[in-house]
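Just so it is clear, the structure is predicted and the values come from calculations on it, not from any experiment.
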Amino acid sequence: MPLAPMAAREASETAQRYTFEDGAGEIGIIAPVSQAFCGACSRVRLTSDGKIRTCLFSQVEHDLYGRLRAGETDEELRAYIFRTVQGKEARHHIGEPGFLKPSRSMVHIGG
């Protein structure tokens, strides 16, 4: 069935969305290598074990759970989360020499 491109709803949208020409449904294609969207990405994930991941392809996980267990105050936690998000990677390095896959794949962190 023929597809028609759809306009992005927001700048940080990761998928190129298409609707079927009959208007029933839509699909989205996420192509982070050939159509990188890093510059507008606003995604941050909290893993099931309490780690903050600022990029699906990041080598670093930020331990929020450990800080909670240590008894940090709400203000301390807010400041830590803020600093972590402010330090978000500018881009992934897929396809570059020396790129290493993260230790945990997307299915393990909610990707």
Side-chain angles (χ1 to χ4, degrees):
M1 172 156 285
L3 297 172
M6 298 174 71
R9 289 181 279 226
E10 54 191 81
S12 63
E13 194 166 284
T14 58
Q16 288 287 123
R17 295 180 309 121
Y18 299 88
T19 186
F20 296 102
E21 282 192 351
D22 67 3
E26 70 178 62
I27 64 169
I29 299 172
I30 301 173
V33 177
S34 60
Q35 295 178 348
F37 48 82
C38 299
C41 180
S42 62
R43 294 350 185 239
V44 175
R45 289 172 173 78
L46 181 62
T47 66
S48 62
D49 60 348
K51 307 291 192 289
I52 299 172
R53 288 286 294 267
T54 55
C55 177
L56 283 175
F57 303 104
S58 178
Q59 294 292 323
V60 178
E61 294 184 342
H62 306 271
D63 187 16
L64 183 60
Y65 176 75
R67 291 171 176 271
L68 281 164
R69 295 291 293 170
E72 288 195 5
T73 66
D74 288 351
E75 181 55 34
E76 289 170 324
L77 294 170
R78 186 205 64 76
Y80 177 71
I81 293 167
F82 182 82
R83 284 191 313 272
T84 300
V85 172
Q86 290 300 305
K88 181 174 169 46
E89 297 87 338
R91 63 189 174 87
H92 62 67
H93 298 278
I94 300 171
E96 294 179 10
F99 171 74
L100 299 172
K101 286 193 231 177
S103 60
R104 295 199 286 178
S105 69
M106 287 189 254
V107 299
H108 294 108
I109 63 164

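Here Phe82 sits alone; no ILVMFWY side chain lies under 4.5 Å from its own, so it joins no hydrophobic cluster. In the hydrophobic clustering, Val44 connects to Leu46, Ile52, Leu64, Leu68, Leu77, Tyr80, Ile81, Val85, either directly or through intervening members, whenever side-chain heavy atoms lie under 4.5 Å apart.
A distance of 11.0 Å separates CG in Leu100 from NE2 in His93, rounded to the nearest 0.5 Å.
Evaluation of the side chain to side chain contact (heavy atoms under 4.5 Å, CB included) rule for Ala31 yields Ser34, Gln35 as partners, not counting sequence neighbours. Residues satisfying the side-chain hydrogen bond (donor to acceptor under 3.5 Å, both in side chains) criterion with Ser42, sequence neighbours excluded, are Ser12. Listed by chain and number, the residues in a side-chain hydrogen bond (donor to acceptor under 3.5 Å, both in side chains) with Glu76 are Thr73 (sequence neighbours excluded). Under the rule for a side chain to side chain contact (heavy atoms under 4.5 Å, CB included), the partners of Tyr65 that lie at least two apart in sequence or sit in another chain are Asp63, Arg69. Applying the side chain to side chain contact (heavy atoms under 4.5 Å, CB included) criterion to Glu21, with sequence neighbours excluded, gives Pro2, Ala4. Legend: residues meeting side-chain hydrogen bond (donor to acceptor under 3.5 Å, both in side chains) with Arg78, ordered by chain and number and at least two apart, are Glu75. By the side chain to side chain contact (heavy atoms under 4.5 Å, CB included) test, Cys55 is found to be paired with Phe57, Ser58, Glu89, His92, residues two or more places apart in sequence or in another chain being considered. With sequence neighbours excluded, the residues satisfying salt bridge (charged side-chain N to carboxylate O under 4.0 Å, His left out) with Arg67 are Glu72.
For residues 7-36, the set of pairs meeting the ring pair (Phe, Tyr, Trp, His ring centres under 6.0 Å) definition, not counting sequence neighbours, is empty. Identified under the salt bridge (Lys or Arg N to Asp or Glu O under 4.0 Å) test for residues 91-100, with sequence neighbours left out: Arg91-Glu96.
Summarising the geometry of Glu26 relative to Arg17, their closest heavy-atom pair is OE2-NH1, 3.1 Å, with the distance given to 0.1 Å. Among all heavy-atom pairs drawn from Val60 and Arg53, the shortest one is O-CD, 3.6 Å. Scanning both residues, Ile30 and Ala15, for their nearest heavy atoms gives CG1-CB, 3.7 Å.
With a 6.0 Å radius and a threshold of 12 heavy atoms from other residues, nucleotides or ligands, Asp74 has its CG atom at or below the threshold.
Proximity of a side-chain donor or acceptor of Gln16 to a complementary backbone N or O of Met6 within less than 3.5 Å is not detected.
For the pair Lys101 and Gln59, the minimum side-chain heavy-atom distance is 4.5 Å or more.
Residue Glu61 is tested with Arg104, Arg45, Lys51 for a side chain to side chain donor-acceptor pair (under 3.5 Å); the sole match is Arg104.
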